[in-house]
Amino acid sequence: MFLEPHTLRLRPRQHVVQFDLEIDPEPAGRADNLGLDAAETVLWFSGLTDHLRLRTRSVVDLPERLPFAFLLDPGFLSFPVEYSQRDLSRLLPCLRRLHADAAVGSYAAEAATAAGGEVLPFLTELARRMFRDLDKTIRETGDPMPPGQTLAGGTGACRDAAELFVDACRAQGLAARFVSGYCESEVVDDERYLHAWSEVYLPGGGWRGFDPSLGLAVGNRHVAIAHGPTHAEARPYEGSFRGTGVTSTLQAKIHMKMTKHDSLPGARA
């Protein structure tokens with residue numbers, strides 16, 4: 001088969017101490033640090049091959065981060081919220097609902113009411129509700145399900161929950177985006193998997209992470225590698241191949257170790 005260009009989003013976003021990327025077969029060319037606001041690597045190839053193997057090794061310092069250690073803008077303490085014109089010019093893609101399901105809007109409104117109409121309590125309430133209401137499954141391939149389908153079925157993988165959380169936030173007027181990466185707790189039957197969660201833009205706090213699969217605000221146990229207004233921009237890798245009668249299978253193996261770092265109060269992954 002012949003490999004078409006591939007885009008990789010595998011370099012962690014935060015506090016990278018070391019990052020190595022091994023590629024087999026060796027690409028004919030490579031361009032790094034592409035993308036609007038996330039590091040992307042584009043590979044292109046020559047010749048025929050029967051495989052593509054990617055291996056990364058990252059060392060990341062994760063200093064202690066309290067999820068709510070910020071001063072929220074006074075205009076964002078309670079609903080309804082309104083972003084400044086300056087923020088709106090950059091946030092519009094993260095405000096647009098791609099699947100405007102009425103049931104998701106009602107679900108978000110119920111969480112907002114339970115939170116007394118306050119923004120930060122709403123976000124924690126929404127994460128807790130989704131953790132309570134959704135049965136977690138593992139689905140290694142495929143795009144996230146539409147938010148309304150996840151809500152109606154009461155089950156989903158972490159990327160389905162992240163997609164639902166993003167849409168529920170947007171239904172309340174909050175800018176939200178999809179994030180992919182690694183999480184210390186994402187272990188099932190001793191196997192580790194890529195993880196997905198959500199980030200919400202809060203004036204005074206910036207982009208703040210919330211993980212509905214775990215029902216909590218993100219601290220220093222998550223390592224983000226990619227983000228975007230939709231899941232497509234947050235895929236760790238994408239590409240295609242061509243050839244007559246060629247099929248493919250995808251296999252991934254993740255190893256992760258968290259240790260205390262003497263010079264920092266946080267963790268090293």
Side-chain angles (χ1 to χ4, degrees), residues 9 76 78-83 88 91-181 183 185-186 188 193-202 207-218 222 224 226-236 238:
R9 305 178 188 94
F76 261 72
S78 59
F79 294 109
V81 295
E82 185 175 354
Y83 290 99
L88 272 177
L91 294 175
L92 281 177
C94 296
L95 286 162
R96 188 176 300 116
R97 294 186 69 193
L98 302 180
H99 307 279
D101 190 291
V104 176
S106 297
Y107 188 75
E110 290 170 5
T113 298
E118 298 183 40
V119 172
L120 287 181
F122 161 75
L123 293 169
T124 56
E125 173 69 18
L126 181 62
R128 283 196 296 261
R129 282 183 177 232
M130 290 182 58
F131 178 72
R132 178 196 68 195
D133 295 341
L134 298 181
D135 291 331
K136 188 175 179 180
T137 61
I138 296 295
R139 198 174 75 254
E140 294 191 57
T141 60
D143 289 339
M145 295 186 295
Q149 183 177 336
T150 299
L151 182 62
T155 186
C158 59
R159 61 186 177 279
D160 303 316
E163 189 90 335
L164 174 57
F165 191 93
V166 164
D167 190 53
C169 288
R170 292 178 183 179
Q172 286 295 122
L174 294 172
R177 66 187 184 186
F178 190 100
V179 185
S180 62
C183 178
S185 63
E186 189 66 6
V188 179
Y193 297 89
L194 279 168
H195 193 50
W197 61 96
S198 313
E199 288 180 337
V200 181
Y201 186 77
L202 301 171
W207 288 103
R208 313 303 295 196
F210 293 87
D211 189 340
S213 294
L214 300 177
L216 47 73
V218 170
H222 291 64
H227 63 261
T230 73
H231 66 271
E233 291 92 347
R235 289 174 179 145
E238 58 183 321

request  = Measure from the side-chain N and O atoms of R159 to the backbone N and O of G142, and report whether any donor-acceptor pair falls under 3.5 Å.
outcome  = yes
query = Can you check whether D160 reaches L134 side chain to side chain, under 4.5 Å on heavy atoms?
reply = no
task = Report yes if the side chains of W197 and F165 come closer than 4.5 Å at any heavy-atom pair, otherwise no.
result = no
query = Any idea which heavy atoms bring A196 and C158 closest together, and the distance?
reply = N-SG, 3.5 Å
ask   = Can you list the residues that meet the salt bridge (charged side-chain N to carboxylate O under 4.0 Å, His left out) rule with E125, with sequence neighbours excluded?
value = R128, R129
request  = Kindly assign one of parallel, tilted or perpendicular to the pair Y83 and F76, based on the angle between their ring planes and the thresholds 30° and 60°.
outcome  = tilted
Note, L88 side chain near L95 side chain (heavy atom, < 4.5 Å) = yes
query = Looking at V166 and S198, what are the two nearest heavy atoms and their distance?
reply = CG2-OG, 3.7 Å
query = side chain to side chain contact (heavy atoms under 4.5 Å, CB included) with L216: which residues, sequence neighbours excluded?
reply = D211, L214, H222
request  = Rounded to the nearest 0.5 Å, what's the gap from CG on L194 to CZ on R235? Could you check?
outcome  = 13.5 Å
ask   = Mind checking whether H227 and C94 have side chains closer than 4.5 Å, heavy atoms only?
value = no
request  = Apply the test side chain to side chain contact (heavy atoms under 4.5 Å, CB included) to residues L120 and L202: give CA-CA distance (whole Å), side-chain angles for both, the deciding distance (0.1 Å), then the verdict.
outcome  = CA-CA 9 Å; L120 287 181; L202 301 171; 3.7 Å; yes
task = Considering non-hydrogen atoms only, spot the tightest contact between A161 and S213 and give its length.
result = CB-OG, 3.8 Å
message = Is the shortest side-chain heavy-atom distance between L164 and M130 below 4.5 Å?
response = yes
ask   = Of all residues at least two apart in sequence or in a different chain, which pass the side-chain hydrogen bond (donor to acceptor under 3.5 Å, both in side chains) check with Y107?
value = D133
remark   = So the ring pair (Phe, Tyr, Trp, His ring centres under 6.0 Å) pairs with at least one residue in residues 125-147 (sequence neighbours excluded) are none
request  = Please name all residues satisfying ring-ring contact (aromatic ring centres under 6.0 Å, His included) with F122, sequence neighbours left out, ordered by chain then number.
outcome  = F79
key: T230: partners by side chain to side chain contact (heavy atoms under 4.5 Å, CB included), with sequence neighbours left out   = L98, A232, E233
Set of side-chain hydrogen bond (donor to acceptor under 3.5 Å, both in side chains) partners for E199, sequence neighbours left out = R13, R177
request  = Provide the full list of side-chain hydrogen bond (donor to acceptor under 3.5 Å, both in side chains) pairs with a residue in residues 91-100, sequence neighbours left out, each pair given once.
outcome  = R97-D167
query = With no hydrogens and no angle check, is any side-chain donor or acceptor of S180 less than 3.5 Å from a backbone partner on P236?
reply = no
task = For T137, enumerate each residue passing the side chain to side chain contact (heavy atoms under 4.5 Å, CB included) test, keeping only those at least two apart in sequence or located in another chain.
result = T155, A157
message = Are P144 and F178 packed together at the side-chain level, in the sense that at least one heavy-atom pair is separated by less than 4.5 angstrom?
response = yes
note = By side-chain hydrogen bond (donor to acceptor under 3.5 Å, both in side chains), E238 pairs with (sequence neighbours left out) R9
remark   = Applying side-chain hydrogen bond (donor to acceptor under 3.5 Å, both in side chains) to Q172 and not counting sequence neighbours gives none
message = Within the 4.5 Å heavy-atom criterion, are L151 and D101 side-chain neighbours or not?
response = no
inquiry  = Would you say that L126 contacts P212 through its side chain, given a criterion of any heavy-atom pair below 4.5 Å between the two side chains?
reply    = no
query = Looking only at heavy atoms, which two atoms of P229 and P93 are closest? And how far apart?
reply = CB-O, 3.5 Å
ask   = Taking it one step at a time, do V179 and V218 satisfy side chain to side chain contact (heavy atoms under 4.5 Å, CB included)?
value = CA-CA 11 Å; V179 185; V218 170; over 6 Å; no
Partners passing side chain to side chain contact (heavy atoms under 4.5 Å, CB included) against Q149 (at least two apart in sequence or in another chain) = M145, P146
